[in-house]
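Here the structure is laid out as structure tokens; the discussion comes afterwards.
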Amino acid sequence: MSDEIFGLADCNNFYVSCERVFDPSLEERPVVVLSNNDGCVIARSNEAKAMGIPMGAPAFKYREYFQKYGITVFSSNYTLYDNMSERVMSILADSAPFIEVYSIDEAFLDFSSLKRFHMPSFCRDIREKIRSWTGIPVSIGTGRTKTLAKIANRIAKKDKSTGGIFNMERYCENDLDMILAVIDVGDIWGIGKKYAQFLRKSNINTAKDLKYTPDEWILKYLTVEGLRTTTELRGRICIPFREKRPARKQLVVSRSFGKDVTDLEEISESVSEFASRAAEKLRKEGLTASSIAVFIQTNPFRNDPQYHNISSIKLPAGTSYTPEIVQTAILLLKKIFRSGYSYKKSGVIFSEIGKTDTRQMGLFEKNKNIDRHQDLMRTIDTINTEMGKNYIRPAITLNRHRWEMKSSFRSSRYTTNWDELPSVRICHDENEK
DNA sequence: TCTGGGGTCCTAGGACCC
DNA sequence: TCTGGGGTCCTAGGACCC
């Protein structure tokens, strides 16, 4: 058994909590946040969960329900959420010897150097600090492996009596089994819908059941990933801390359109826009890509004729040069575009990604050209950073039409945009008048 | 009228080579 | 009449995560 202790700090209903920070009147009231394009529900307050709104619920089916029961609805506001996330993560980084940011609202923490009996009060301090400095409520779970810390976190979140902290490494094997016996197999990190269904059919219903299932069986039906999860349930580490963020392998920018799009020109605009965004991202991370793919698809929820296709090309050398990328993307699009369909979504996928400084030169490339291109992109990126996104961009993306996504209920970018700072309401005392 | 977006890993099967 | 076997690489598809 390892001496290591993994912590998992997870923000409660993160997007909803971000919105509440800037509108405290929403506390204890049902709130939901919608996905891009106001498509479906991706975050729910506890009150909204209690009212039976499922994760991923299509917004249009619940519109009346939202109104009838006074549920507050927000479009997603990633500018705000990213910024709030950074604040939470920096507090966590100061609180533990090592943190691994796992997603926008979660981080694993290395608590191995801490004395076991200090854990509860230590976690409580972190939780309170984050709450009072950022306004975001977090739950913290700890355990001997990441998988156990995930379960502990779940308990901390679900069971009010824990006060948002649950330290699983404090329990002996027997007690641990009793805890695992009430965890549904589908609630284990790494066991998704399909596997959960399959496991239940095989009469493996709880985390404890899975823990005591033989390796060979797991390996046969759940592959090595499933075996890793099971081994972690037994308290042996299979998923260690990631010291460094692993190098990116692909980069995708895609969106559903606000309205269906039928003609090539409009789709070209969207593809150019996404290609240009993706190129920007590459440069920001000091990367280049040498494989580019473009895909388009119709709306699978409709009864219309369906079509989806993808086309990709390998470039002679890695690039992050917007004009080249946009041009290539349009070429690819033209290869797969068929008229007569109503398109709902397009996207650009970069792969074979490498670092700009170790990039291999194409056989017929001239050094001078590359330098000129890099200078130009650097200049444009700098201008866009200072003057605002999209100040300079490819002409083809200038028209913004039907494909623009919907975002009808977006809150302000309170923390990152001068024009959208929260308005300060000064309340005068009656006596002062 | 209206159903998100961005990632990773693993496996099976085909192509190809010797 | 007889028609190998093993290795590698690539891709598509399926599973998972948030």
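Chain identifiers are assigned alphabetically (A, B, ...) following the order of the sequence lines, protein sequences preceding nucleic acid strands; residue numbering begins at 1 within each chain.
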Inset, instruction - Compare the minimum distances between each of B:dT3, B:dT8, C:dC18 and the side chain of A:Pro58, then state the nucleotide with the smallest one. - result: B:dT3

Legend entry - Spacing between A:Asp10 atom CG and C:dC17 atom P, to the nearest angstrom: 14 Å

Inset, instruction - State plainly whether the residues A:Glu100 and A:Arg242 are in salt-bridge range, i.e. N to O under 4.0 Å. - result: yes

Legend entry - Whole-Å gap separating P (B:dT3) and NZ (A:Lys345): 11 Å

Legend entry - Inter- and intrachain pairs under salt bridge (charged side-chain N to carboxylate O under 4.0 Å, His left out), touching residues 76-99 of chain A, at least two apart: none

Legend entry - N or O in side chain of A:Arg228 less than 4.0 angstrom from B:dC10 OP1/OP2: yes

Legend entry - Partners passing side-chain hydrogen bond (donor to acceptor under 3.5 Å, both in side chains) against A:Thr147 (at least two apart in sequence or in another chain): A:Glu232

Legend entry - Touch class at under 4.0 angstrom, heavy-atom based, for A:Leu34 against every strand present: nothing

Inset, instruction - Could you tell me whether A:Asn299 contacts a base, only the sugar-phosphate backbone, or nothing, with contacts defined as non-hydrogen atoms closer than 4.0 Å? - result: sugar-phosphate

Inset, instruction - Check the distance between C:dC17's P and A:Ile239's CD1 and give it to me in whole angstrom. - result: 11 Å

Inset, instruction - Determine which pairs satisfy side chain to side chain donor-acceptor pair (under 3.5 Å) with at least one residue from residues 49-70 of chain A, sequence neighbours left out, and list them in order. - result: A:Asn13-A:Lys49

Legend entry - Gap between atoms CD and P, on A:Glu106 and B:dG7 respectively (whole Å): 17 Å

Legend entry - Rounded distance (Å) that lies between atom P of B:dT3 and atom NZ of A:Lys259: 12 Å

Legend entry - A:Ser254 side chain, from C-beta outward: closest of B:dT3, C:dC18, B:dG5: B:dG5

Inset, instruction - Report the distance from atom CG of A:Asp38 to atom C1' of B:dT1, rounded to the nearest whole Å. - result: 13 Å

Inset, instruction - For the side chain of A:Arg248, starting at C-beta, report the closest nucleotide among B:dG5, B:dG6, B:dG7. - result: B:dG7

Legend entry - Which residue lies more 5' along DNA chain B, comparing A:Asn37 with A:Leu251 via nearest heavy atoms: A:Asn37

Legend entry - Span that lies between the P atom of C:dC18 and that of B:dC2, in whole angstrom: 30 Å

Legend entry - Partner set under salt bridge (charged side-chain N to carboxylate O under 4.0 Å, His left out) for A:Asp125, not counting sequence neighbours: none

Inset, instruction - Output yes when at least one side-chain N/O atom of A:Arg255 is less than 4.0 Å from OP1 or OP2 of B:dG6, else no. - result: yes

Legend entry - Validation row, ring centre A:Tyr81 to ring centre A:Tyr78 under 6.0 Å: yes

Result block: side-chain N/O donor-acceptor pairs under 3.5 angstrom for residues 131-140 of chain A, not counting sequence neighbours:
unit_1	atom_1	unit_2	atom_2	d
A:Ser132	OG	A:Glu128	O	3.2
A:Ser132	OG	A:Lys129	O	3.4
A:Thr134	OG1	A:Ile130	O	2.7
A:Thr134	OG1	A:Ile136	N	3.1
A:Ser139	OG	A:Asn12	OD1	2.8

Inset, instruction - Note every stem involving DNA chain B: at least three consecutive Watson-Crick or G-U wobble pairs, i with j then i+1 with j-1, with both distances under 3.5 Å. - result: B:5-18 with C:5-18

Legend entry - Nucleotide nearest A:Gln250 when distance is taken to its side chain, options B:dG7, B:dC2, B:dG6: B:dG7

Side-chain donor-acceptor pairs of residues 407-417 of chain A under 3.5 Å, sequence neighbours excluded:
unit_1	atom_1	unit_2	atom_2	d
A:Ser408	OG	A:Asp38	OD2	3.3
A:Arg410	NH2	A:Glu420	OE1	3.4
A:Ser411	OG	A:Glu19	OE1	2.7
A:Ser411	OG	A:Glu19	OE2	3.0
A:Ser411	OG	A:Asn77	ND2	3.1
A:Arg413	NE	A:Glu420	OE1	3.2
A:Arg413	NE	A:Glu420	OE2	3.3
A:Arg413	NH2	A:Glu420	OE2	2.7
A:Thr415	OG1	A:Asn83	OD1	2.7
A:Asn417	OD1	A:Asp419	N	3.1

Legend entry - Those residues of residues 213-225 of chain A lying under 4.0 Å from DNA chain B by at least one heavy atom: A:Thr223, A:Val224, A:Glu225

Legend entry - Nucleotide B:dT3, atom C1' - distance to CZ of A:Phe60 in whole Å: 6 Å

Quiz: residues 321-335 of chain A side-chain donor-acceptor pairs under 3.5 angstrom, not counting sequence neighbours:
unit_1	atom_1	unit_2	atom_2	d
A:Thr322	OG1	A:Arg283	NH1	2.8
A:Glu324	OE1	A:Thr319	OG1	2.8
A:Thr328	OG1	A:Glu324	O	2.6

Legend entry - Contact pattern, 5' to 3', of nucleotides 11-16 of chain C - B, S or - by protein heavy atom under 4.0 Å: ----SS

Inset, instruction - Kindly state each residue pair satisfying ring pair (Phe, Tyr, Trp, His ring centres under 6.0 Å) with at least one member in residues 281-315 of chain A, sequence neighbours excluded. - result: A:Tyr307-A:Tyr341

Inset, instruction - Kindly assign one of parallel, tilted or perpendicular to the pair A:Tyr221 and A:Phe198, based on the angle between their ring planes and the thresholds 30° and 60°. - result: tilted

Inset, instruction - Establish, for the pair A:Lys146 and A:Phe108, whether the NZ or CZ atom is under 6.0 angstrom from the six-membered ring centre and no further than 45 degrees off its axis. - result: yes

Inset, instruction - Give a yes/no on whether any side-chain N or O of A:Ser256 is located under 4.0 angstrom from OP1 or OP2 of B:dG5. - result: yes

Inset, instruction - Could you check A:Asp260 against A:Lys249 and say which one's nearest nucleotide on DNA chain B is further toward the 5' end? - result: A:Asp260

Inset, instruction - Calculate the interatomic distance between A:Lys150 atom NZ and C:dC17 atom C1'; express it in whole Å. - result: 8 Å

Inset, instruction - Give A:Asn36 one of three labels, base, sugar-phosphate or nothing, depending on what nucleic acid heavy atoms sit under 4.0 Å from its own. - result: sugar-phosphate

Inset, instruction - Quick one: list whatever passes side chain to side chain contact (heavy atoms under 4.5 Å, CB included) with A:Asn303, sequence neighbours left out. - result: none

